[in-house]
J.: 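This is the structure, below, for whatever I ask next.
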Protein chains: 2
Amino acid sequence: MSHTLGLRQAQKQKTRQALLDAALGLLEDQSLSSLGLREVTRAVGVAPTAFYRHFRSTADLGVALVEEALGSLHPMIRTIVSSAGDSDQRIERAVELIDRHVQTHPAHVRFIARERHGGVQSVREAIQGQLARFAEEVTDALAKDPVSEGWDDEDLLMLANLYVDQMLITASLFLDVLEAPEEQRHRVAQAATRRMRLISIGREHWLEG
Amino acid sequence: MSHTLGLRQAQKQKTRQALLDAALGLLEDQSLSSLGLREVTRAVGVAPTAFYRHFRSTADLGVALVEEALGSLHPMIRTIVSSAGDSDQRIERAVELIDRHVQTHPAHVRFIARERHGGVQSVREAIQGQLARFAEEVTDALAKDPVSEGWDDEDLLMLANLYVDQMLITASLFLDVLEAPEEQRHRVAQAATRRMRLISIGREHWLEG
DNA sequence: CCATGCAGTTAACAACTGTTCTCTGGAATT
DNA sequence: AATTCCAGAGAACAGTTGTTAACTGCATGG
């Protein structure tokens, strides 16, 4: 599928990626709406005008970052929903997977958490679009689970959204304690596990009331 | 308790409030980290330097906005937790209260949702501090509820945090459909109600497993 | 009634921003 | 080998930013 692109295109994608990486770094302590294009090019060591060869604006760059950040999250979600074992085992594995992902992609997680409700409309929309796709995927997985027998579509989607939001909240909490001592990080993991467990219990008794 | 302050102080607080209001308006489509002090003073119709009579920086103004925004939320939380009736009735009333609050204070809700994970550290910390106080308050209310008999403190705090996060998510969802047709707004209310109900069911069966 | 305090003004500063136009060197195409 | 293409450089633009300093006028307290 992928052509072995010429030196030309290869170099272009290289600086494009450099711009994305530099931006992600700068966004550690500011929001996208205050990120300047000169700031980014300066960090890469390239002329300000070179920016336009890759992005129309910093908002445009932001949308590209959404693809990158949530693209890396997609396989994780697949792994979680297709996980085997009983409820508690699956929850523990999910929390651990989220923890790992935050440790390996902290900047991506921070970017999504920050810009999900951030000041740039196009980026907010891009994130919401991707999250809607995640929820859809989770819904499909839930529908195949025997626990969800008798559930109508609206309730399945409701639960899927609850899970997706919970995943993001958990990721954000792990991010807050990234540099904290192991003991505190463990407490966050335990609290997240309990949250998921309570939701899981609610799910099992949903059709009783 | 409150002195009838002189004309002097009265006028000062007036322009201070004007600065806060103008900032809140400007933050409708940008983040605090990109809000300039000149931008704010221009919107108020006052000299840029006047800003310093009230705030050290825009970050400082942001912290003041946190007090204002979450201060107005505090009484609402009290009303919700002290609400009487069975579980479903309380949930419906809570969702409706949140809906009302979003309609009457949309800018406040947007500000909190945006800056909770935003690019300004001092503001993030201020918000987290206030939310921790909310969770504490909810914990106390839960402890007095017969449904929570036998729960340990950690689980109570876990549930309280879950409720607080859920409240913010719900508020943010209402915000997204503020200008949407009634039908869509109703669907959001229903989904939020169901979420809360599922959590409530999980709560009732928590000690069984 | 006079002296002090202080909210807000005016002017100026160096530094920074996004965007346009023109140019260049080397890869890609023929 | 000659030609086209295009990622990136360079310079210049008008406009913006935060911050400093010295000021003015009016409410305040003696």
J.: Output yes when a side-chain donor or acceptor of A/Arg114 lies under 3.5 Å from a complementary backbone atom of B/His117, and no otherwise.
T.: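 Side chain of A/Arg114 to backbone of B/His117: a pair is present.
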J.: Under 4.0 Å from OP1 or OP2 of D/dA7: is there any side-chain N or O of A/Thr15 that close?
T.: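 Negative; the distance criterion is not met.
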J.: Could you give the CG-to-C1' distance, from A/Leu7 to C/dT29, as a whole number of Å?
T.: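 Taking atom C1' of C/dT29 as the reference, CG of A/Leu7 is at 14 Å.
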J.: Which whole-number value in Å describes the distance from B/Gln17 CD to C/dA7 C1'?
T.: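 Rounding to the nearest Å, CD of B/Gln17 and C1' of C/dA7 are 17 Å apart.
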J.: Among A/Arg93, A/Arg194, A/Arg197, which residue meets the salt bridge (Lys or Arg N to Asp or Glu O under 4.0 Å) test with A/Asp88?
T.: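 Of A/Arg93, A/Arg194, A/Arg197, salt bridge (Lys or Arg N to Asp or Glu O under 4.0 Å) with A/Asp88 is met by A/Arg197 alone.
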J.: Of all the nucleotides listed (D/dC5, C/dC6, C/dT10), which has the minimum atom distance to the side chain of B/Arg8?
T.: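 Among D/dC5, C/dC6, C/dT10, the one nearest the side chain of B/Arg8 is C/dC6.
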J.: Ignoring hydrogens and angles, answer whether the base of D/dC6 and the side-chain atoms of A/Arg53 contain a donor-acceptor pair closer than 3.5 Å.
T.: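 Check fails, no donor-acceptor contact within cut-off.
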J.: Round to the nearest Å and state the distance from A/Gln13 atom CD to C/dA27 atom P.
T.: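 After rounding, the reported distance stands at 18 Å.
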J.: Determine, for B/Asp165 against B/Arg116, whether the closest basic-nitrogen to carboxylate-oxygen distance falls under 4.0 angstrom.
T.: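 The answer is yes: the pair qualifies as a salt bridge.
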J.: For B/Lys12 and C/dG5, give me the distance from atom NZ to atom P, rounded to whole Å.
T.: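 Atom NZ in B/Lys12 sits about 15 Å away from atom P in C/dG5.
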J.: Assess whether a salt bridge exists between A/Arg42 and A/Glu39, defined as any Lys/Arg side-chain N lying under 4.0 Å from an Asp/Glu carboxylate O.
T.: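 Result for this pair is no, no salt bridge flagged.
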J.: Can you measure B/Phe55 atom CZ to C/dG8 atom P for me and round it to whole angstrom units?
T.: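 Checked: the CZ to P distance equals 11 Å.
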J.: With a 4.0 Å cut-off on N to O distance, would you call A/Glu137 and A/Arg133 a salt bridge?
T.: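 Salt bridge between A/Glu137 and A/Arg133, a charged N being under 4.0 Å from a carboxylate O: no.
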J.: Polar-atom pairs under 3.5 Å, protein N or O versus N or O of nucleotides 16-19 of chain D: list them with distances, or write none.
T.:
| unit_1 | atom_1 | unit_2 | atom_2 | d |
| --- | --- | --- | --- | --- |
| D/dT17 | OP1 | B/Arg42 | NH2 | 3.1 |
| D/dT17 | OP2 | B/Arg42 | NH2 | 2.6 |
| D/dG18 | OP1 | B/Leu37 | N | 2.7 |
| D/dG18 | OP2 | B/Leu37 | N | 3.4 |
| D/dG18 | OP2 | B/Arg38 | N | 3.1 |
| D/dG18 | N7 | B/Arg38 | NH1 | 2.4 |
| D/dG18 | O6 | B/Arg38 | NH1 | 2.9 |
| D/dT19 | OP2 | B/Tyr52 | OH | 2.7 |
| D/dT19 | O5' | B/Tyr52 | OH | 3.3 |
| D/dT19 | O4 | B/Arg38 | NH1 | 3.3 |

J.: Tell me, please, which residues at least two apart from A/His54 pass ring pair (Phe, Tyr, Trp, His ring centres under 6.0 Å).
T.: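 A/His54 satisfies ring pair (Phe, Tyr, Trp, His ring centres under 6.0 Å) with no residue once adjacent residues are dropped.
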J.: Could you check how far NZ of B/Lys14 sits from P of C/dG8, rounded to whole Å?
T.: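 B/Lys14 atom NZ is separated from C/dG8 atom P by 11 Å.
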J.: How long is the line joining CD of A/Gln9 and P of C/dA28, in whole Å?
T.: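 For the pair A/Gln9 CD and C/dA28 P, the rounded distance is 9 Å.
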J.: In terms of ring plane angle, is the pair B/His101 and B/His105 parallel, tilted or perpendicular, where the classes change at 30° and 60°?
T.: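 The rings of B/His101 and B/His105 lie parallel, inter-plane angle below 30°.
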J.: Can you tell which of C/dT9, D/dA9, D/dG25 lies closest to the side chain of A/Ala50?
T.: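 For the A/Ala50 side chain, the nearest candidate turns out to be D/dA9.
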